[in-house]
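Pasting a structure here, questions to come.
Just so you know, these numbers come straight off a predicted model, no measurement behind them.
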Amino acid sequence: MERMILVSSSSGEDSYHVNVSSTAEHGITIMCDCAAGEWGKYCKHKMGVALGDATILFDDEQIDSFKEISNWIASSNYPNLFSEIRVVEKQLEEAKKNVKSKKEQIARFMRDGLK
């Protein structure tokens with residue numbers, strides 16, 4: 001099965017096509033015709049569709065197809081991948097805090113001295 005959804009561009013004036021296919025051989029594939037999507041890269045349009053964010057729709061007439069796609073994705077392994085991203089993003093946030101703290105510590109040592 002294949003469904004095509006029109007999603008809004010960043011400006012909101014234009015649209016991109018996000019094609020979602022569900023096959024036994026490949027599972028669920030998500031493609032977008034924006035510049036990043038054309039290169040097979042991560043793009044906010046594919047992620048918006050994959051995460052079930054209906055605000056990305058160019059028009060509300062596509063809501064039934066969008067819901068169908070959302071059901072396909074919910075029954076796949078994509079939700080597990082999204083959970084893994086959230087875990088890694090939290091780790092990254094913590095690492096950034098640690099780097100900032102170490103830089104502040106070094107700045108104090110540079111100001112006050114270090115033996």
Once side chain to side chain donor-acceptor pair (under 3.5 Å) is applied, do any residues pair with N80, and if so which ones, sequence neighbours excluded? N77
Show me the donor-acceptor pairs within less than 3.5 Å that the side chains of residues 24-46 make with the rest of the protein, sequence neighbours left out.
from, atom 1, to, atom 2, distance (Å)
D33, OD1, H17, N, 2.8
D33, OD2, H17, ND1, 2.9
K44, NZ, S10, OG, 2.4
K46, NZ, K41, O, 2.6

Linking I/L/V/M/F/W/Y whenever any side-chain heavy atoms sit under 4.5 Å apart, do F82 and V20 land together? yes
Under 3.5 Å donor-acceptor pairs involving side-chain atoms of residues 51-60, not counting sequence neighbours:
from, atom 1, to, atom 2, distance (Å)
D53, OD1, T55, N, 3.1
D53, OD1, T55, OG1, 2.5
D53, OD2, T55, OG1, 3.2
D59, OD1, E61, N, 3.1

Report the distance from atom CD of E89 to atom CD of Q91, rounding to the nearest 0.5 Å. 10.5 Å
Under 3.5 Å, which donor-acceptor pairs link side chains of residues 67-76 to any protein atom two or more places apart or in another chain?
from, atom 1, to, atom 2, distance (Å)
E68, OE1, R3, NE, 2.7
E68, OE1, R3, NH2, 3.3
E68, OE2, R3, NH2, 3.2
S70, OG, F66, O, 3.0
N71, ND2, K67, O, 3.4
S75, OG, N71, O, 3.2
S75, OG, W72, O, 3.0
S76, OG, I73, O, 2.6
S76, OG, Y78, N, 3.1

Any residue meeting side-chain contact (heavy atoms from CB on, under 4.5 Å) with E94, in chain and number order, not counting sequence neighbours: K97, N98
Ignoring hydrogens and angles, write down the donor-acceptor pairs under 3.5 Å from the side chains of residues 101-110, residues two or more places apart or on other chains.
from, atom 1, to, atom 2, distance (Å)
K102, NZ, Q105, OE1, 3.3

Measure the CG-CG distance between D14 and L6 for me, rounded to the nearest 0.5 Å. 11.5 Å
